[in-house]
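Here's the structure we're looking at; comments come further down.
Hydrogens, waters and symmetry mates are skipped; everything else that's a heavy atom, side chains included, is used. Residue numbers start from 1 in every chain, and the chains themselves are labelled A, B, ... in the order their sequence lines are given, proteins ahead of strands.
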Amino acid sequence: MTVPSLASSLSDSVTASAARLGMADLAPQLRRSAHADFQADGVLAAARTLRRNPRQVAAEVVAGLPDDGLVASAVVAGPGFVNLDLTDRALLAQLIRRLGDDRLGVGTPETGVTTVIDYSQPNIAKEMHVGHLRSTIIGDALVRILEHLGGTVVRRNHIGDWGTQFGMLIQYQVEHPEPAPDDTGTMGRLATLYRLARAEFDTDSAFADRARRRVVALQAGDAGTVAAWRNIVAESTRYFTDVYDRLGVRLTDADTVGESAYNAALPAIADELERRGVAVTSDGALCVFFDDLRGPDGEPSPLIVRKRDGGFGYAATDLAALRQRVAELHADRLLYVVDARQARHFRMVFDTARRAGWLPATVPAVHVAFGTVLGPDGRPFKTRAGDTVRLVDLLTEAVDRAREVVAAKNPGLTGAALDERAWQVGIGAVKYADLATNRTRDYLYDPQRMLALAGNTGVYLQYAHARVRSILARADGGHTTVDVTATLEPAERALILDLDAFADTLAEVVAGHEPHRLCGYLYRLAQTFTTFYEHSPVLRATGPQRANRLALCHLTGDTLRTGLHLLGIPTPDHL
RNA sequence: GCGCCCGUAGCUCAGCGGAUAGAGCAGGGGACUUCUAAUCCCAAGGCCGCAGGUUCGAAUCCUGCCGGGCGCGCCA
């Protein structure tokens, strides 16, 4: 069941009042205010188009507000703001409505919408690093939110399991036989192999040629080469699965459809683009050109579908994947959670797909771009050795640091229970730190900040949630009946108003594919709850006040738990 | 050269046209016989990169500069 927010009900009231005055298309522009519960600023804009005195128009709108028990006071302020305070009864009635729905009244607006979302995308035989963390965490949060809103979500982990680097890896293995892949679930052996093979590839052109021939053998299906490839992919996949488990991300083998899966479809992609006149041959390569995309020489720069040597690059693969997602997976929306550096690539891919007729105008395709991870020097992050930070090392350190703090605060907690709590806190901290900032910004890698356990962090939210649970546990459960005739204190009003904004916030998050807005919302909610916690004792209260405060705790706890769950952050009952 | 993203407190970031620009961290001062002090309170800290423009109103929209990051033909 969808429970309209107080803000939207109020907005409707203002719209209705304005309509009766002949202002049919007034947008109330309702927002929270320091001067009242809400302020409506839209009257100002409307008055201008009417060429009337804004304060006068505002006064008329105020006078025409329906008398439905929602508004306690409506006054005109400043140049023509309408300040609106709600009645305590309306706030408490709204509390009842949200509590009465097991999904907090957010409804299922995504029902019937299929989203195919592409995220994580690690590369075979390469370590996962902080950049993969961003894609994985943002993607996971969007999946959880869309599913919570009733949507059908198809996850696609488009792993890099095909391409030139495999010729390099396999050829190196052939020339430098090593023990068979171990089964320890670490990337160590493959990472070493990659580094050695890359070094030889870059310095020995004869080896590079042999590696390229090996690619041809792989693509032609040579049995021995394919077997070697399968081994490498399997070893990497075990490692990725281990990392996803440690992250608490629900990506499985079923969601993993790598670049190789589209191999057979590539020739048809090229043929069709050529036949339709979308792609043309240039310098021997099959290319799609775009009028407004040019290179340094001023010439149009292409999307290369098929290379001069007849091979296919990732443009062809992405096009094949896109077509399959629309035609066979019936996507109503395509999301790609990928580094912002790929912006031009995706623009070209989407544009090409539109021209080819594979991407109908009704299906939005969005590059959910995130900024580059930068080091302390403001340059793309590399360690002194030239490597990026291994994701597993970051996670290990996060959990280790959390374990120290958890153990210090909970001397009785040991063994598996301690490990569990440390994991919940440490992973929560990392995820929150990653999700809390606007994804489009470049991202400064700062372990001090990511692993912090005080201030605006995941722990703050977990802590607020645990405090709620503690109160509820001591309250002896039971059904609490809200008394709508009670008088609310400021901290209680503020809490209800924040709680009521949950559903609207989720809608914003989906509209902009911006999980950081949910972080910001939950942090404000936790702050508001903490203020309430400091000012309004629950268990020492009596009668209707106690019941109402318990109800507030119930809804706060459920909202924090649901919201954190949607971000993939665990919510232990005790901290 | 062209294009995309970014520029807000010492640091890291919120703020998607509204009233006095907000958090956290760092640094200063306070609060645990009271539902969890992983918390809270107080003080301090700002030419919102610069300059124009639109508007009753601009950190927010537009234009131009300046600075940083990234991208632009056979890697992905």
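Following rounding to the nearest Å, A:R134 (CZ) and B:C5 (P) show an atom-to-atom distance of 16 Å. For the pair A:L444 CG and B:G69 P, the interatomic distance rounds to 13 Å; values are reported in whole Å. Rounded to whole Å, atom P of B:U55 lies 9 Å from atom CZ of A:R48. The distance from atom CZ of A:R439 to atom P of B:U12 is 22 Å, rounded to the nearest whole Å. B:G17 atom C1' lies 11 Å from atom CZ of A:F81, rounded to whole Å. Counting to the nearest Å, the P atom of B:C25 and the OH atom of A:Y460 are 10 Å from each other. The distance from atom CZ of A:R341 to atom P of B:G3 is 21 Å, rounded to the nearest whole Å. Rounded to whole Å, atom C1' of B:A38 lies 16 Å from atom NE2 of A:H574.
Side-chain contact annotation: A:S135 with A:Q121, donor-acceptor N/O pair under 3.5 Å present. Between the side chains of A:Q462 and A:Y432, not a single donor N or O lies within less than 3.5 Å of an accepting N or O.
Using P as the reference atom, B:U8 and B:G71 are 22 Å apart when rounded to the nearest Å. One P atom belongs to B:A59, the other to B:G15, and the distance between them is 16 Å to the nearest Å.
The phosphate of B:A76 (OP1 or OP2) has no side-chain N or O of A:K126 nearer than 4.0 angstrom. In terms of phosphate contacts, A:Y523 brings no side-chain nitrogen or oxygen within less than 4.0 Å of OP1 or OP2 of B:G15. The phosphate of B:U36 has OP1 or OP2 within less than 4.0 Å of a side-chain N or O from A:S470. Here A:R441 reaches the OP1 or OP2 of B:C13: one of its side-chain N or O atoms lies under 4.0 Å away. For B:G15, the OP1/OP2 oxygens have a side-chain nitrogen or oxygen of A:R517 closer than 4.0 Å. Between A:R467 and B:A37, a side-chain N or O to OP1/OP2 separation shorter than 4.0 Å is present. Residue A:R31 has a polar side-chain atom (N or O) positioned under 4.0 Å from OP1 or OP2 of B:G18. Using a 4.0 Å cut-off, no side-chain N or O of A:Y314 falls inside it from OP1 or OP2 of B:A76. Contact between the side-chain N/O atoms of A:H516 and the OP1/OP2 oxygens of B:G15 is found at a separation under 4.0 Å.
A:A454 comes within contact range of the sugar-phosphate backbone alone, with a heavy-atom separation under 4.0 Å but no base atom that close. Within the 4.0 angstrom heavy-atom criterion, base atoms lie near A:D573. Among the protein residues, A:Q342 comes within range of the nucleic acid bases, having at least one heavy atom under 4.0 Å from a base atom.
Where A:P537 and A:G313 meet RNA chain B, the nucleotide closest to each residue was compared, and A:P537 sits on the side nearer the 5' end. Comparing A:R308 and A:L293 by the nucleotide of RNA chain B whose heavy atom lies nearest to each, the residue mapping closer to the 5' end is A:L293.
The side-chain contact (heavy atoms from CB on, under 4.5 Å) test applied to A:P79 returns A:L44, A:F81, not counting sequence neighbours.
In this pair, A:F166 and A:W229 present their aromatic rings perpendicular. The plane angle is above 60°, beyond the 30 to 60° band.
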Audit row: A:V82, A:V14, side chain to side chain contact (heavy atoms under 4.5 Å, CB included) steps and yes/no:
CA-CA 10 Å; A:V82 176; A:V14 174; 5.9 Å; no

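Cation-pi check for A:R31 over A:F38 is not met; the charged atom does not lie both under 6.0 angstrom from the ring centroid and within 45 degrees of its normal.
In this structure, the ring of A:H367 has its center no less than 6.0 angstrom from the ring center of A:F350. Two rings, from A:H132 and A:F240, have their centers 6.0 Å or more apart. Two rings, from A:Y336 and A:F346, have their centers less than 6.0 Å apart.
Heavy-atom distances under 4.0 Å link RNA chain B to A:E508 of residues 505-515 of chain A, given in residue order.
Helical stems involving RNA chain B, defined as 3 or more consecutive Watson-Crick or G-U pairs under 3.5 Å, span B:1-7 with B:66-72, B:10-13 with B:22-25, B:28-31 with B:39-42, B:49-53 with B:61-65.
Put simply, the side chain of A:T457 and the base of B:G24 share no donor and acceptor less than 3.5 Å apart. Remark: the A:N83 side chain and the B:A19 base include a donor-acceptor N/O pair separated by less than 3.5 Å. Judged by atom type and distance alone, A:Q527 does not reach the base of B:A23 through any side-chain donor-acceptor pair under 3.5 Å.
B:C5 takes the anti form, because its glycosidic angle lies more than 90° either side of 0.
Remark: the backbone N or O of A:G371 is not paired with any side-chain donor or acceptor of A:D442 at under 3.5 angstrom.
For the pair A:N157 and A:V257, the minimum side-chain heavy-atom distance is 4.5 Å or more. Counting heavy atoms from C-beta outward, A:R344 and A:R347 have side chains that stay 4.5 Å or more apart.
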